[in-house]
Enquirer: 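Sharing a structure here in structure tokens format.
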Amino acid sequence: MTRGSDGMDARAGRVGLLACYILVIVATVIIAVPFVWLVCASFKSNADFLLYPFLPRGEGVLGVAWDRLTLDHFRSLFREAGVGRALLNSLVLSSVTAVLATLVCAMGGYALASLEFAGRRLVSNVVMAAVVIPSPLLIAPGFQVLYRLGLLDSYAGLILPAIAPAFGVYLFRQATLSSVPRELLEAARMDACGEVRAFFRVVFPLVQPMVAAFLLMTFLATWNNFLSPQVVLQTPEKMPLAVMIAQLKNVYYQDYGLLMAGTLASILPVGALFLLLQKDFVTGLTSGAVKG
Amino acid sequence: MTDAPRSRFAPWLMLAPFLAVFAVFVAWPLATSVVLSTRQTFGPGTSRGVGWGNFEQLFADPLFWRALRNTGLYTVGTVLVQLPLSMLLALALNHPRLRGRAFFRMIIFSPVLVGVVFVAMIFTVLFDKRTGLINQVLHAAIGWDLDFPWLDTYVIPSLIVATLWQYVGYNMVYFLAALQNVSPEMREAALLDGAGPWSRFRHVVIPAIRPVATFVVLLAILGSFQLFELPFILLNGTSGPDNRGLTLVMYLYQTGFQTGDLGYASAIGWALALVLGVFAVVQYSLDRRGVRR
């Protein structure tokens, strides 16, 4: 290659890098603006909401009228609208569902990955087939089943159907296959360690990244679930945040500050949890798609 | 020796919770759903048999076709707009000399964590006439009509915009993971051969990310066809003016839980399953052909 074309390549490389930066920065700004706007809206009085797209302008630091910001929306959210109760409901529902689902799926995935037994192929096929069942198909008949079992309007009716997702069993089967060496299990068995003990002592720690990812995924899914609680629950006091916030919209449809404060209060806990478990989450998310 | 009986039962013991829940809450409803789709029900308790009637009625039901068309349009829009953008962002973020990658990736990914209900809440206000940020920005930038009623006129495009905001980062993360599969040797070889960016993308990157890409496309189609919460909340529980926001799952919900006909809702569920099944089969056979080639 000649020097001239080298220089051209370098220039093309620099232009390419610049284009990449522009693209990524524009995307980041567009993604971030609604969040910034949401936070501003939650702390603005409704009068200021109409006057300023972001923070009210004034004499304060950075040209913002900080003293015009208010916590009123959060106060009325917790005092009048009863969001505290819904927050607690969501917390309990999501934690219980996430822990049980992780346990059930990890045990099932381990059995399918490393235990020999007649019927293993059949169960594996059932799991694979179940992964592709579209969930809306089960809404109407599932409601009827819950009605027959007397589980309508109960948390059991919401939690039980959610703790054995076939996709979870599949994920844990993959995780066990790729990170639990056979020799280690053999050794544990030689030491006359029962299967259940082997699972908790040997397997569980080894698939720990998947445990964290799956816990978070299930917690998020339950926290954000809207359709199932809407169908299963009837008592307003039992409703989780997602349903409650959506209902606020019909009651306080002009109180934008209140609605945005409610939304902010609902996504903050999840954001905090994500920051804690971030690394594992992306691993878990992509492990279904990218094989070995 | 003492271990033998224990390990014979151990697998079943470990699978028992999954199998029990699966039997009661997946297999049983799935089986009853077949029966249910041949009945007209009045709430969960009472019903009468109508045979193929539900499906005949569904076929002649203009609302069903409307819902199918809306959902299809939304799906096509989502796939055609979102996935190329996700791919482009992944390619940009994958540039070896780009700095601050972790930060950018986290921000772009973050809306995924926001539940669709809360995304709908945010966009309810963003799409608002006069006070909504979207019209304000468009008004300031290109003099767009400040009173433009997004959710009355352009329901499906609005849904596509909100979905784009929420999920562009999700698909980007998949593509990023796939780009790690592109071997540096191949890339360098192509560079030495003097291949330009486009032909490098076409001949080196695409073959390497093909499995993940088809997976992402299928996932996007399956997800889009199950659209419910976003329009349900944006349109205040209605299907919008002239049913412009009616989706298949929304129609299923309306017939099953507002009209109380779980039978007809089940028929809609099977129609949806059929459509998704077709996509899955098409994707699978394309994938197989790709592998053979």
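To find a chain, count down the sequence lines: A is the first, B the second, and so on, and within it residues start at 1.
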Enquirer: By a 4.5 Å heavy-atom criterion (distance strictly below it), what part of B:Val24 contacts chain A: side chain, backbone, both, or neither?
Expert: both
Enquirer: Describe, in one word, how the ring planes of B:Phe201 and B:Trp198 are oriented to each other, choosing from parallel (under 30°), tilted (30 to 60°) and perpendicular (over 60°).
Expert: tilted
Enquirer: Given heavy-atom pairs under 4.5 angstrom as the criterion, report whether the side chain, backbone, both or neither of B:Asn94 touches chain A.
Expert: neither
Enquirer: Determine which residues belonging to residues 32-39 of chain A lie within contact range of chain B, meaning some heavy atom pair is under 4.5 Å apart, and list them by number or answer 'none'.
Expert: A:Ala32, A:Val33, A:Pro34, A:Phe35, A:Trp37, A:Leu38
Enquirer: Just say parallel, tilted or perpendicular for the rings of A:Tyr110 and A:Phe199, cut-offs at 30° and 60°.
Expert: tilted
Enquirer: Please find the pair of heavy atoms, one from A:Ala111 and one from B:Pro11, that lie closest to each other, and give the distance.
Expert: CB-O, 3.9 Å
Enquirer: Checking A:Lys249 against B:Asn236: is there a side-chain donor and acceptor pair closer than 3.5 Å?
Expert: yes
Enquirer: Rounded to the nearest 0.5 Å, what's the gap from CZ on B:Phe232 to OH on B:Tyr253? Could you check?
Expert: 4.5 Å
Enquirer: With a 4.5 angstrom heavy-atom cut-off, which part of B:Ile233 approaches chain A: side chain, backbone, both or neither?
Expert: both
Enquirer: Can you confirm whether or not the ring centre of B:Tyr170 sits under 6.0 Å from the ring centre of B:Tyr174?
Expert: yes
Enquirer: Chain B: which of A:Val169, A:Leu275, A:Val231, A:Asn250 shares the most heavy-atom pairs with it under 4.5 Å?
Expert: A:Val231
Enquirer: Do B:Thr247 side-chain atoms and B:Leu227 backbone N/O form a donor-acceptor pair below 3.5 Å?
Expert: yes
Enquirer: If you tally heavy-atom pairs under 4.5 Å against chain B, which of A:Val145, A:Val126, A:Ile267, A:Val270 wins?
Expert: A:Val145
Enquirer: So for B:Phe228, is it side chain, backbone, both, or neither that comes closer than 4.5 Å to the heavy atoms of chain A?
Expert: side chain
Enquirer: Name the region of B:Thr255, side chain, backbone, both or neither, that has any atom closer than 4.5 Å to a heavy atom of chain A.
Expert: neither
Enquirer: Select one option (side chain, backbone, both, neither) describing which atoms of A:Phe226 are under 4.5 Å from chain B's heavy atoms.
Expert: both
Enquirer: Between OG of A:Ser228 and CD1 of A:Ile139, what distance do you get to the nearest 0.5 Å?
Expert: 7.5 Å
Enquirer: Looking at A:Leu264, A:Leu227, A:Val104, A:Ile133, which one has more heavy-atom pairs under 4.5 Å with chain B than the rest?
Expert: A:Leu227
Enquirer: Please round to the nearest 0.5 Å and tell me the distance separating atom CD1 of B:Ile122 and atom CD of B:Gln166.
Expert: 9.0 Å
Enquirer: Measure B:Ile134 against the heavy atoms of chain A and call it side chain, backbone, both or neither at under 4.5 Å.
Expert: neither
